[in-house]
Each structure stands twice: as C-alpha cells, then as structure tokens.
Amino acid sequence: MTQEELQNLANLCRIDMDEKELEAIGGDIASILSYVEHISEATTDDHRAEAGVHRNIMREDVSETENGTYTENMLKAAPRTENGFVAVKNMFEKRSSK
Amino acid sequence: MDTQKITQKSVAELQMLMEQGELTSEALVFAYLEEIKKRDGDIHAFLEVYDDALAQAKDTDTRRAKGEKGALLGIPVALKDNLLMKGKIASSASKILEHYVATYDAEVVKRLKDAGAVLIGRTNMDEFAFGSSTENSAFGPTKNPHDTSRVPGGSSGGSAAAVAADFVPLALGSDTGGSIRQPAALCGVVGLKPTYGAVSRRGVMAMGSSLDQIGPFARSVEEAEVLFEVIAGYDEKDSTSLPEETRSNIRGEKGVPEKMRIGVPEDFVYTEGVDEDVQERFQETLEALKAQGNEIVPVALPSAKYGLAAYYIIMPAEVSTNLARFDGIRYGLSEDASDSVSVYTKTRGKGFGKETRRRVMLGTYVLSAGYYDAYYNKATKVRESIRNDFQKAFEDVDVIVTPTSPTPAFKTGEKTKDPLQMYMADIFTVPVNIAGVPAISVPMGKVDRDGAALPIGFHVIAPDMREDILFALGKDVEKIYREE
C-alpha cells in the first residue's frame with residue numbers, strides 16, 4: 001500500500017496517525033495480509049449463502065424503562081453536555097459570507 | 001486448622017467451612033486481599049481491587065445467617081476488565097475508557113450477585129482483548145506466576161494469573177479466539193469457552209460479535225463447572241442467546257458416554273511450530289486416557305488449517321465495526337477540536353493502543369469495496385467449511401483433542417515486535433470460535449524452559465452444547481496429573 005492509500009485508510013478509521021506510524025503499520029498489515037491470503041487456496045462451496053446461517057431476533061420497539069431512568073448517569077459519562085443533551089462540535093464548516 | 005492455606009482450598013471445601021460456621025466470607029475475602037497486597041505487585045493481575053469487597057463479603061455472611069444457600073455464596077470472583085459492573089470502572093485496559101464508569105450490570109455480573117458471589121476486582125487484559133500475552137494492556141503487562149519473566153497468555157491474562165496465584169478461586173474471562181483457554185494453559189489453570197450463545201454477552205464489551213463468549217477460570221474442572229452453571233442461561237436481551245428449550249444437553253440430560261471415542265486431528269497437531277515436548281506430553285496424555293479405557297482415533301479437519309487466516313479477516317472486520325462507538329462524544333476520553341470529525345480522529349489517535357489501531361485498520365481494509373469478496377466473503381465461506389468439518393467429525397467421535405497452545409509461556413517482549421508470530425499462539429483455539437463449539441483447557445503437566453517448569457494445557461472440544469462431556473473428560477485428564 002502506498003503512503004497515500006494508508007492515509008486514506010487511517011481517515012476511514014478515524015484515527016490520527018503520523019507518517020512514521022503509518023509506515024510501520026503498513027508493513028504489519030502487508031505481512032498479515034500475505035498470511036491470510038492463503039485462504040484463497042481453500043475449496044469452499046460457493047453456492048452457500050454468503051452471509052452464513054443466521055436467525056433474526058426481533059422485539060417490539062417499546063421502551064422497557066421509564067423515561068429518564070438512565071438519563072442522568074449516561075449524561076454524566078458524556079464529555080460535553082448542554083441543557084440535558086450531549087453536545088457535539090460542528091459537523092460542517094460554516095459557509096463564509098460574501 | 002490444617003496446613004493448607006485457606007486461599008488454596010477448593011470452593012466446595014470453603015462452602016463446607018462456611019456452612020459449618022468455621023469460616024466467614026469476610027475472613028476469606030480478607031485472606032485473599034492480603035495475598036493480593038503481598039504478591040500482586042510482582043504479577044499485576046488486578047487493575048483494581050474493589051474497595052467494597054469486604055462490605056460485599058459481610059453482606060453475604062448476613063445472607064447466609066438468614067438461611068440462604070448457594071454454590072457461590074460468599075465466594076470471591078474476579079472480573080475481566082471488559083465486563084460491566086454498575087458504578088465501577090470498566091476500561092478494557094484502554095486509555096480511551098480509563099475513567100469510564102459502567103451504568104448497568106452485565107448479565108453475568110447480575111447472575112453472580114444473585115448467587116451471592118463477592119466481586120473482588122477487575123483483572124488486567126490486552127486492550128479490548130486484542131492479544132495473546134496481556135502485554136497490550138495500556139496499564140502495563142501481567143506476569144506469569146510460574147515465572148515472572150514470562151507472559152501469562154492473553155487476552156484474559158489477569159484473570160488466569162489471579163487464579164493461578166491463589167488471589168481468587170474463580171474468575172471470568174472472555175474468549176474470541178482463545179483468550180480464556182490459552183492463558184489458562186500458560187498459567188496452569190482450567191479455562192472454558194462455552195458454546196456460542198450459552199452465556200449472555202449483555203454487558204461485555206463487544207470485540208468479534210460472531211465469536212465472543214464469556215467463560216470461567218478455576219483451579220479445577222469441578223469449580224469451573226460450578227461457575228459455568230451460575231452464568232449460563234437464556235437472556236432475552238442478548239439476541240444470540242440460546243433459547244432454554246435447546247439447552248437439554250448443557251443440563252446433562254443426554255448423558256455422557258462412560259468411555260469416549262477421542263478424535264485427534266493428527267496433521268494439525270504433529271507439525272512444525274508445535275514444540276516437541278508439548279507434542280510428547282500430549283501423546284502421553286492420550287496414552288493415559290487410552291489406559292483409562294477410552295478409544296483414540298485419528299480424525300480429519302481438512303479446513304482447520306485455514307482457521308487462523310479466516311479468523312484474522314472476520315475478527316478485525318467485526319472489531320473495526322464494534323470500535324466505531326469510541327468516538328469521544330458519548331463517553332470515555334475526548335480530545336477537544338474545532339469540528340466533530342477532528343474530535344473523533346484525535347480522540348481515537350490518542351486513546352487507542354498499537355494493536356487496536358492495527359486491527360481497526362486491517363478490518364477496515366478487508367471490508368472496503370474491491371477487497372470484500374477476496375477477504376471477508378471468502379472467509380465466511382471458509383468458516384462454513386470449518387464448521388462442517390467439526391460436525392462431520394462429531395458424527396464419528398465424542399470429542400476432538402489438541403494441545404491448547406503450541407508452546408508454553410514465552411518471555412515478556414519476545415513476540416511484541418512481530419504480530420503474526422503472536423497470532424500463531426492461537427492456532428489450536430481459533431477454529432473452535434470459528435465453529436462456535438465449546439472447548440476446555442485442562443493442565444497437562446509441565447515442560448522445562450531455562451530451568452523453569454512451565455504448565456501447558458490439554459484442549460478438549462465437544463459438539464454444540466456438550467459442556468457436560470468437556471467436564472467429564474476434563475476430570476479424567478485432571479486425574480492423570482493429580483496422581484503424578
């Protein structure tokens with residue numbers, strides 16, 4: 001993988017990494033991939049469902065606890081809160097006024 | 001009193017003493033806390049010993065005085081640091097959760113509390129359970145009680161070491177690719193990975209959701225069985241929990257064969273990379289089991305050799321998804337930045353350790369467009385083949401056995417430079433999680449390394465929900481080495 005591809009992957013992972021670390025991790029990933037690639041030699045039944053065998057578990061979409069039971073504790077865990085909400089920073093840049 | 005220390009007695013003996021009024025839980029927990037104080041500085045099995053352990057113990061003494069009985073009443077149990085206990089820190093040995101306080105009890109914790117167990121503290125682990133040596137903890141490594149220059153295995157190395165060092169008679173761990181069985185083997189204790197779905201996972205931090213199971217550590221098979229029975233059961237709040245009506249086997253209703261047909265996957269076990277004396281011990285154990293009247297036959301698991309490769313695709317893929325929740329917004333570490341995306345990247349950049357970054361990167365890569373078919377899709381199909389191999393083999397045999405780990409405990413620092421070499425430590429345990437079947441590691445004697453006698457483990461695998469068979473054969477293996 002090129003440095004640019006690694007940086008792109010780190011962006012997708014949402015992890016800040018410097019160039020030196022990216023290079024090291026790129027080497028690790030290359031060696032792990034060269035090992036896991038030998039599964040291509042395995043004969044598999046290609047007609048089987050791709051997602052494997054699973055069962056769905058559904059439940060009624062109703063609240064099991066009274067509104068507010070956990071609110072205080074969960075807000076306490078959040079790094080930034082405002083008026084009973086979890087506060088976040090801007091998602092988008094403000095359009096500069098012309 | 002006899003010469004055996006109170007901290008070395010079995011759970012059954014302790015129960016008898018408490019029932020007879022010769023021992024209180026408070027005195028018992030105090031004795032364990034003293035051992036921890038004296039010796040855990042060298043071993044570092046615990047990240048925290050709860051300050052209310054003695055108060056919990058007193059409370060169970062009151063419960064007993066009121067007539068309550070129970071297999072774990074007053075017995076201390078340690079929790080791996082990825083299990084939630086309300087009001088206590090649960091950090092998964094990660095900087096990103098260093099100060100995180102759980103808001104509810106994991107189902108297993110609730111079951112332990114109901115049973116009267118004293119939750120004594122949280123044990124060290126590889127960060128988010130990523131590792132086979134407990135060296136990936138953000139809070140420093142745990143050492144093997146048999147030789148403190150060596151690792152205890154991992155990722156549940158703190159729990160394994162705590163039981164091996166007599167800091168606690170029982171502990172819980174989690175096992176995604178061997179994280180209970182491998183440290184149990186390296187520390188000379190018993191460790192069980194239950195059937196996928198046997199134990200509720202509500203309140204354990206998810207790693208590889210199609211692989212994770214919570215299970216017990218103990219000094220004997222019998223004690224592991226006692227703890228397993230307390231934590232196993234249907235939980236409607238875990239969508240992967242097995243419904244009660246499917247559990248007749250777990251409850252032992254099918255009966256265990258008196259003499260077993262034991263399958264050995266020979267080309268898998270007798271290969272390069274598995275230490276010679278480990279192979280020898282394994283063969284000796286088979287001979288002894290044969291002498292007990294069991295039958296030993298070769299068995300074929302042709303796809304098992306692809307298990308580790310499939311695992312290092314499926315697991316990181318699930319890890320990269322599961323760890324997306326650590327974003328610096330709702331809980332845990334948060335690094336300030338001007339916009340939300342920078343809060344994510346800075347927080348994760350600072351809070352995640354090296355192996356965590358590696359696995360999230362790898363998982364994101366194998367799931368990305370263009371690579372999905374070659375990696376994830378193929379691995380899913382290989383997984384089906386491995387599961388089919390096991391099912392087919394179990395038509396012929398009652399159990400399949402291997403060594404738990406290809407080597408005894410290695411030196412601290414020996415494998416940290418080469419992640420792939422570290423991954424090889426789980427070659428025998430990983431296919432079991434891939435297939436979802438239960439397996440146990442039971443001590444099979446010791447081998448010598450540089451003058452140190454190091455324990456190794458015998459690994460028994462059974463069909464879905466046949467934990468009863470594992471306990472039965474596990475006890476037979478114990479007999480061989482008790483008599484030694």
Side-chain angles (χ1 to χ4, degrees), chain A residues 1 5-6 8-18 21-22 24-26 28-29 31-59 64 69-70 72-80 86-93, chain B residues 100-101 103-104 210 236 239-240 303 305-306 308-310 312-313 320 324 327-334 336-350 352 354 357-358 360-366 368 374-375 377-385 387-388 418-420 423:
Chain A
M1 265 186 279
E5 286 171 319
L6 282 165
N8 183 38
L9 190 59
N11 292 346
L12 286 172
C13 295
R14 302 277 196 243
I15 303 176
D16 256 0
M17 281 188 256
D18 61 28
E21 192 191 348
L22 274 178
I25 226 167
D28 291 341
I29 289 178
S31 90
I32 297 165
L33 286 176
S34 73
Y35 173 74
V36 302
E37 263 157 15
H38 89 263
I39 62 158
S40 63
E41 302 154 17
T43 42
T44 48
D45 182 354
D46 287 335
H47 298 292
R48 287 196 76 98
E50 288 186 346
V53 186
H54 294 289
R55 62 199 173 105
N56 282 325
I57 307 288
M58 312 290 266
R59 66 166 176 85
E64 289 184 13
T69 312
Y70 293 102
E72 198 186 322
N73 278 335
M74 293 185 72
L75 281 174
K76 238 191 267 170
R80 275 179 293 269
V86 174
V88 295
K89 298 285 171 140
N90 294 341
M91 286 307 294
F92 305 101
E93 281 173 38
Chain B
Y100 173 70
V101 176
T103 53
Y104 68 98
S210 73
E236 63 168 13
S239 65
T240 60
S303 298
K305 60 174 179 285
Y306 300 112
L308 199 62
Y312 271 93
I313 294 168
S320 72
D327 56 7
I329 303 292
R330 289 160 299 167
Y331 44 75
L333 180 76
S334 186
D336 202 14
S338 56
D339 63 285
S340 274
V341 173
S342 303
V343 171
Y344 304 156
T345 57
K346 279 188 166 181
T347 299
R348 291 159 69 84
K350 189 166 184 201
F352 285 161
K354 207 170 178 184
R357 304 150 101 87
R358 213 179 263 141
V360 172
M361 288 276 277
L362 185 61
T364 306
Y365 181 83
V366 298
S368 55
Y375 293 113
N377 230 347
K378 182 72 180 178
T380 309
K381 288 173 189 163
V382 168
R383 176 179 209 159
E384 286 289 311
S385 305
R387 190 162 166 78
N388 289 340
D418 182 357
L420 201 55
Y423 300 167

For this session: Could you tell me which portion of A/Leu75 (side chain, backbone, both or neither) has an atom closer than 4.5 angstrom to a non-hydrogen atom of chain B?
Result: neither
Exercise. Between CG of A/Asn8 and CE of A/Met1, what distance do you get to the nearest 0.5 Å?
Worked result: 10.5 Å
For this session: Side chain from CB out, backbone as N, CA, C, O: work out which of these in B/Tyr375 comes under 4.5 Å of a heavy atom of chain A, or both, or neither.
Result: both
For this session: Below 4.5 Å from any heavy atom of chain B, which atoms of A/Ile25 appear? Answer side chain, backbone, both or neither.
Result: side chain
For this session: Measure up the B/Tyr423 and B/Tyr312 rings against each other and bin them: parallel (under 30°), tilted (30 to 60°), perpendicular (over 60°).
Result: parallel
Exercise. What part of B/Ser385 lies closer than 4.5 angstrom to a heavy atom of chain A: side chain, backbone, both or neither?
Worked result: side chain
For this session: Count the heavy atoms belonging to other residues, nucleotides or ligands that lie under 6.0 Å from CD of A/Glu72, then report whether that count exceeds 12.
Result: no
Exercise. With a 4.5 angstrom heavy-atom cut-off, which part of A/Glu41 approaches chain B: side chain, backbone, both or neither?
Worked result: both
Problem set entry | Shortest non-hydrogen contact between A/Ser31 and B/Leu420, atoms and distance | O-CD2, 3.8 Å
Seminar exercise, completed: Whatever's closer than 4.5 Å to a heavy atom in chain A on B/Val343 counts as side chain
Exercise. Relative to chain A, which segment of B/Tyr365 carries a heavy atom at a distance below 4.5 Å: side chain, backbone, both, or neither?
Worked result: both
Exercise. Of the listed residues (B/Lys346, B/Glu236, B/Arg387, B/Arg383), which shares the most heavy-atom pairs with chain A below a 4.5 Å separation?
Worked result: B/Lys346
Problem set entry | chain B interface, residue from A/Leu33, A/Leu6, A/Val88 that has the most non-hydrogen pairs under 4.5 Å | A/Leu33
Exercise. Is there a donor-acceptor pair under 3.5 Å between the side chain of B/Arg348 and the backbone N or O of A/Cys13?
Worked result: yes
Problem set entry | Contacting moiety of B/Ala337, where chain A heavy atoms sit under 4.5 Å | backbone
Exercise. For B/Val341, does its backbone N or O pair with a side-chain atom of A/Arg14 as donor and acceptor, under 3.5 Å?
Worked result: no
Problem set entry | B/Thr103 vs A/Lys76 side-chain heavy atoms within contact, under 4.5 Å | no
Problem set entry | B/Ile329, part contacting chain A, at a heavy-atom distance under 4.5 Å | both
Exercise. B/Ser303 versus chain A, heavy atoms under 4.5 Å apart: side chain, backbone, both or neither?
Worked result: neither
For this session: Examine whether an atom of B/Thr347 lies under 4.5 Å from a heavy atom of chain A, and if so say whether it belongs to the side chain, the backbone or both; otherwise answer neither.
Result: neither
For this session: With the side chain counted from C-beta on, respond yes when A/Asn11 and B/Thr345 share a heavy-atom pair under 4.5 Å apart, and no when they do not.
Result: no
Problem set entry | Contact summary for B/Gly328 and B/Ser334, nearest pair of heavy atoms | O-OG, 2.7 Å
Problem set entry | For chain B, the option from A/Leu12, A/Ile39, A/Asp18 that forms the most heavy-atom pairs under 4.5 Å | A/Ile39
Problem set entry | chain A contact via B/Lys350 - side chain, backbone, both or neither, heavy atoms under 4.5 Å | neither
For this session: Under 4.5 Å heavy-atom distance to chain B, tell me which part of A/Ala10 shows up: side chain, backbone, both or neither.
Result: both
For this session: Heavy atoms only: give me the nearest A/Leu9-B/Met361 pair and the separation to one decimal.
Result: CD2-O, 3.7 Å
Problem set entry | Exam field: side chain B/Lys378 to backbone A/Ala42, donor-acceptor pair closer than 3.5 Å | yes
Seminar exercise, completed: Ranking A/Glu5, A/His38, A/Glu64, A/Arg59 by heavy-atom pairs under 4.5 Å to chain B gives rank one to A/His38
